Each structure stands twice: as C-alpha cells, then as structure tokens.
Asks: 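One structure coming up, written as structure tokens, with questions to follow.
These numbers come from a predicted model, not from an experiment. The first residue in the sequence is number 1, and the count goes up from there.
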Amino acid sequence: MNGARPQYAQSVAAYAPCVLGEEATAAKALRCYVSEAIEGFCAEERPKGCLLVSAATNCSKGSTSVQDLLAGYRQASEAMTADRIRRGIEEGDMPEPTKPDLLAEYVSVLIQGLAAQARDGAAVEELHGVAELALGQVAVSL
C-alpha cells in the first residue's frame, strides 16, 4: 500500500479499527463493525456505498496501482477482523473451533455486498435486516 493514507480511509472508513478494538467481545465487535459500515454506506451527506469497495474495480492496466492500494485496504480490514476474532478465542468469548480467517472473510464478503446494495439504493433498515440474518446464521453455526 506504499504508505499512502487517503483521507477517506482516515475519516469515513476509520470506524473499523475503533469498533473492532473497543467492544468487549468479538461477537459485539463484529455486529457493531457491520452496523457502523451500514450507517456509513447509507449516510445522506455522501455518495452511497463505499469508495474502498467500489472504486477502481474494473480498470485498465495503467490503474493497477490504484486497484492494489484499495485491495490492500480491504485486506488490512479483513486481517484486523481476523485478529479480533483470534483475541475473542483467546479471551474465551468465541468458541475454540472458530476459524478466524474464514469468519473474517465471511464478514468482508458481507460488508462488501452491503456496500454494493447501498450504492444501488437499498434502505438502511433493509441492510440492517440482511446483516442481522447473516450474523445470526454465524452465531447458529458457532
């Protein structure tokens, strides 16, 4: 990611490290993370969706550095999520058989899909419902 820290990542998308670090349990952190993402994706004062998810997804070879930068941010977010899940396992609030990397990938896929739905006009309440269903399914399988 060449050390660059775009304003967007430091402001609009800065909730991820905060939420993942502040919540008492990994489950609460994941729910809050997804909820905060939805609120950000649907904020009235900005374009809907997420720049880190939607920007530079289908570019020419000349734009690969931008694609790589954005992919790096998405990968870093997924790694933070996996680390929080690992901490939850260590602290006993997540079951031992939980697969942190797989669950973090699931959350990333969920968030990226929610961003696309928000961009396409889905209402915030609808996205919270989808997130609750998806995260409820995770809880059932744990």
Side-chain angles (χ1 to χ4, degrees), residues 1-91 93-95 97-142:
M1 291 188 319
N2 80 353
R5 302 230 15 118
Q7 175 67 22
Y8 184 88
Q10 293 178 340
S11 59
V12 176
Y15 60 86
C18 295
V19 168
L20 290 172
E22 292 174 356
E23 292 298 326
T25 68
K28 284 183 181 180
L30 295 178
R31 286 187 182 284
C32 192
Y33 175 34
V34 172
S35 180
E36 290 287 323
I38 291 168
E39 293 298 321
F41 300 159
C42 296
E44 292 297 322
E45 65 274 10
R46 292 187 300 273
K48 304 298 184 226
C50 178
L51 178 70
L52 299 177
V53 172
S54 300
T57 56
N58 192 19
C59 299
S60 68
K61 290 182 182 180
S63 299
T64 56
S65 64
V66 175
Q67 288 176 311
D68 292 346
L69 176 70
L70 295 172
Y73 278 105
R74 292 188 299 270
Q75 292 162 358
S77 177
E78 190 171 313
M80 281 189 293
T81 304
D83 288 346
R84 181 61 184 96
I85 295 165
R86 279 187 195 85
R87 190 174 113 209
I89 294 168
E90 290 169 8
E91 294 175 356
D93 65 76
M94 294 289 281
T98 301
K99 297 176 181 169
D101 294 324
L102 186 59
L103 182 52
E105 185 175 1
Y106 177 86
V107 171
S108 291
V109 168
L110 174 61
I111 285 177
Q112 290 175 29
L114 292 167
Q117 291 293 309
R119 180 196 61 227
D120 292 346
V124 68
E125 300 82 16
E126 179 183 351
L127 297 179
H128 280 295
V130 169
E132 191 57 39
L133 176 65
L135 293 173
Q137 293 302 312
V138 170
V140 167
S141 68
L142 294 176

Asks: List in chain and number order the residues that pass side-chain hydrogen bond (donor to acceptor under 3.5 Å, both in side chains) with Ser77, two or more places apart in sequence or in another chain; answer none if no residue qualifies.
Replies: Tyr33
Asks: Passes side-chain contact (heavy atoms from CB on, under 4.5 Å), Leu70 versus Val53? Steps please.
Replies: CA-CA 8 Å; Leu70 295 172; Val53 172; over 6 Å; no
Asks: Yes or no on salt bridge (Lys or Arg N to Asp or Glu O under 4.0 Å) for Glu132 and Arg31, after CA distance, side-chain angles and deciding distance?
Replies: CA-CA 8 Å; Glu132 191 57 39; Arg31 286 187 182 284; 3.0 Å; yes
Asks: So does Ala43 get a backbone contact from the side chain of Lys48, meaning a donor-acceptor N/O pair under 3.5 Å?
Replies: yes
Asks: Holding to salt bridge (Lys or Arg N to Asp or Glu O under 4.0 Å), I want the full list of residues that pass it with Arg86, two or more places apart in sequence or in another chain.
Replies: Asp83, Asp101
Asks: For the residue pair Ala27 and Asp93, what are the closest heavy atoms and their distance?
Replies: N-OD1, 4.3 Å
Asks: Please report the closest heavy-atom contact between Arg119 and Ser54, naming both atoms and the distance.
Replies: NH1-OG, 3.1 Å
Asks: Mind checking what makes side-chain hydrogen bond (donor to acceptor under 3.5 Å, both in side chains) contact with Glu105, not counting sequence neighbours?
Replies: none
Asks: Could you tell me which non-hydrogen atom of Ala122 sits nearest to which non-hydrogen atom of Cys42, and how far apart they are?
Replies: O-SG, 4.2 Å
Asks: Please find the pair of heavy atoms, one from Leu114 and one from Ala131, that lie closest to each other, and give the distance.
Replies: CD1-CB, 4.2 Å
Asks: Give a yes or no on this: more than 12 heavy atoms of other residues, nucleotides or ligands lie within 6.0 Å of atom CD of Glu45.
Replies: yes
Asks: Go through it in stages, so that I can follow the logic: the residues are His128 and Ser35, the test is side-chain contact (heavy atoms from CB on, under 4.5 Å), and I'd like the CA-CA distance, side-chain angles, deciding distance and then a yes or no.
Replies: CA-CA 7 Å; His128 280 295; Ser35 180; 3.2 Å; yes
Asks: About how many Å separate CZ of Arg46 and CZ of Phe41, when rounded to the nearest 0.5 Å?
Replies: 10.0 Å
Asks: Does Ala134 offer a backbone N or O that forms a donor-acceptor pair with the side chain of Tyr106 under 3.5 Å?
Replies: yes
Asks: Ignoring hydrogens and geometry, is there a side-chain-to-backbone donor-acceptor pair from Arg84 to Thr25 under 3.5 Å?
Replies: yes
Asks: Find the distance between CD1 (Ile89) and NZ (Lys99) and round it off to the nearest 0.5 Å.
Replies: 11.5 Å
Asks: Quick one: pull up CG in Leu103 and CG in Leu30 and give me the separation to the nearest 0.5 Å.
Replies: 6.0 Å
Asks: Where do Gly88 and Ala26 come nearest, in terms of heavy atoms and distance?
Replies: CA-CB, 4.0 Å
Asks: Could you go through the salt bridge (Lys or Arg N to Asp or Glu O under 4.0 Å) check for Glu91 and Arg87 one step at a time?
Replies: CA-CA 6 Å; Glu91 294 175 356; Arg87 190 174 113 209; 3.1 Å; yes
Asks: Which heavy atom of Ile85 sits nearest a heavy atom of Ala104, and at what distance?
Replies: CD1-N, 3.8 Å
Asks: Show your reasoning for whether side-chain contact (heavy atoms from CB on, under 4.5 Å) applies to Leu127 and Gln117.
Replies: CA-CA 8 Å; Leu127 297 179; Gln117 291 293 309; 3.6 Å; yes
